[in-house]
Amino acid sequence: MISLNIEKTLGFISKENVFAYEAQVKAAQEALENGTGKGNDFLGWLHLPSSITKEHLADLKATAQVLRENCEVVIVAGIGGSYLGARAVIEALSNSFTWLQDKKSGPVILYAGHNIGEDYLYELTEYLKDKKFGVINISKSGTTTETALAFRLLKKQCEDQRGKDMAKKVIVAVTDAKKGAARVTADNEGYKSFIIPDNVGGRFSVLTPVGLLPIAVAGFDIEKLVAGAAAMEKTCGKDVPFAENPAAIYAATRNELYKNGKKIEILVNFNPKLHYVSEWWKQLYGESEGKENKGIFPASVDFSTDLHSMGQWIQEGERTIYETVISVEKTQYSLQVPSDEANLDGLNFLAGKHVDEVNKMAELGTQLAHVDGGVPNMRIVIPVLNEESIGGLLYFFEKACGISGYLLGVNPFNQPGVEAYKKNMFALLNKPGYEEESKAIQARL
Ligand SMILES: O=P(O)(O)OC[C@H]1O[C@](O)(CO)[C@@H](O)[C@@H]1O
């Protein structure tokens, strides 16, 4: 299980003030449970882990197996919440060099539909030319331009290369139950499809087929992932006392820091495999809280890599930041620093030590330095990178996000601001139905 330590924020804010949120947190928890708060039609994630059935998981695993058996490469097409959760878990659990290994235990997972890069898509389609590939097309709305565009290319290529019958087998749709273009295509073409429940928004959907199917295709244990999340659902439950509920403490602490001028939260890891967990977290908190001219700006760094780039800013820049460090207690493998007779690099003082001992001292040294430099520091410890702990971590962040958004007073479950760029892009591209907007935007150029 994970543990949260806020000790190193307490020189900047008081424990008393954090605990003063207890009643507000309780009200937020009740609003979530009773569906009486803002955005209450998007609360399907709240008890999702404990409600996932064995049959559903078996269905997902069976489909994943079809893709694993028939594909060397599987493209996960999606963007935002329809992409980041799967990638976060897959990268956290995968060998860092998995695509370079000759003996692969399953298909290589690649991603598309999360950008509009012509070169990216050209290079991808070129690479796929001699590959047996499949596609998981993930879009709740089915109208997201980035994903629809990539899928149009990949669908055609898959059908041309592998034939219509095989394409039907290796293209899977994950979309909403009724509406949207992706549903119509899936039904017309006879693709296997999975439903994203109406009441689960994209950024809270990692434990729906949006995340679970790609994660299963990548060869990871989705039962354990869900079990980890379900355990965390209990740990963060509404009847757990404030002081013992990590989601409550995290939500209260970050709101208190924000009130005290700490406008930017930097999510820190000391393990490169967690890079995409941070990307997922940024969408979760950014889209949930950044509205009504309010909200902590969620940023992230990978340490110790970024200590050699952003470290200077964090140590001595504007004091509007705080850090939340995700620390992984144990490594999976063991590697010791060798001794060297000549010792030209002067590293013999480390000989015999595990690389992770060095990493942990980098972590501790950084924490102390940043706190000395005026940066409050929270620490989340997970025991090891595995399915259970990642499942728990994701649910912990989701639950804390729901509470935190209510503490801030916003609707954490909508994202009206995202439409502004889409409207302009469609107007600039003369999308039918946007005639007025096209005229207006042309006049501005
Ligand atoms: O699953 P969809 O509908 O393609 O949406 C993908 C992403 O786009 C957004 O709607 C923003 O445009 C996100 O909230 C969402 O996660």
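Note that ligands are numbered from 1 as they come in the structure, with each ligand's atoms numbered from 1 the same way. Computed from a predicted model, the values in this text were never measured in an experiment.
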| said: Quick check: Tyr250 with Phe397 (ring centres under 6.0 Å apart)? | reply: yes
| query | Which ligand 1 atoms, with their elements, are less than 4.0 angstrom from a heavy-atom of Ser82? | reply | 1 (O), 2 (P)
| task | Note the single closest protein heavy atom to atom 5 (O) of ligand 1, along with its residue, its atom name and the distance in Å. | result | Thr144 OG1, 3.5 Å
| request: Taking the six-membered ring for Trp and the full ring for Phe, Tyr or His, determine whether the centres of Tyr111 and Tyr83 are under 6.0 Å apart. | output: yes
| remark: CD of Gln29 to CG of Asn34, rounded to nearest 0.5 Å, is 11.0 Å
| query | Do Ser139 and ligand 1 have an N or O pair less than 3.5 Å apart? | reply | yes
| said: Can you confirm if the aromatic rings of Trp281 and Tyr285 lie within a centre distance of less than 6.0 Å? | reply: yes
| note | ligand 1 to Gln415, heavy atom cutoff 4.0 Å, flagged ligand atoms 14 (O)
| query | Does Thr147 reach ligand 1 with a nitrogen or oxygen that is under 3.5 Å from one of the ligand's nitrogen or oxygen atoms? | reply | no
| request: Below 4.0 angstrom from a heavy atom of Lys422, which ligand 1 atoms are there? Numbered from 1 as shown, please. | output: 11 (C), 12 (O)
| field | Minimum-distance protein heavy atom relative to atom 6 (C) of ligand 1 | value | Ile79 O, 3.3 Å
| Proximal atoms of ligand 1 relative to Ser141 (non-hydrogen, under 4.0 Å) | 2 (P), 3 (O), 4 (O)
| query | Once you round to the nearest 0.5 Å, how far does CZ of Phe133 lie from CG of Leu110? | reply | 10.5 Å
| request: Look only at interatomic distance and state if Arg203 has a nitrogen or oxygen under 3.5 Å from any nitrogen or oxygen of ligand 1. | output: no
| ligand 1 contacted by Glu146 (non-hydrogen, < 4.0 Å) | no
| message | For Tyr191, does the six-membered ring have the charged nitrogen or CZ of Lys168 within the cation-pi criterion, i.e. under 6.0 angstrom from the centroid and within 45° of the normal? | response | no
| Atoms of ligand 1, numbered as shown, that sit under 4.0 Å from any heavy atom of Val418 | 11 (C), 12 (O)
| message | Looking only at the aromatic ring of each residue, does the gap between the centers of His370 and Tyr322 stay below 6.0 angstrom? | response | no
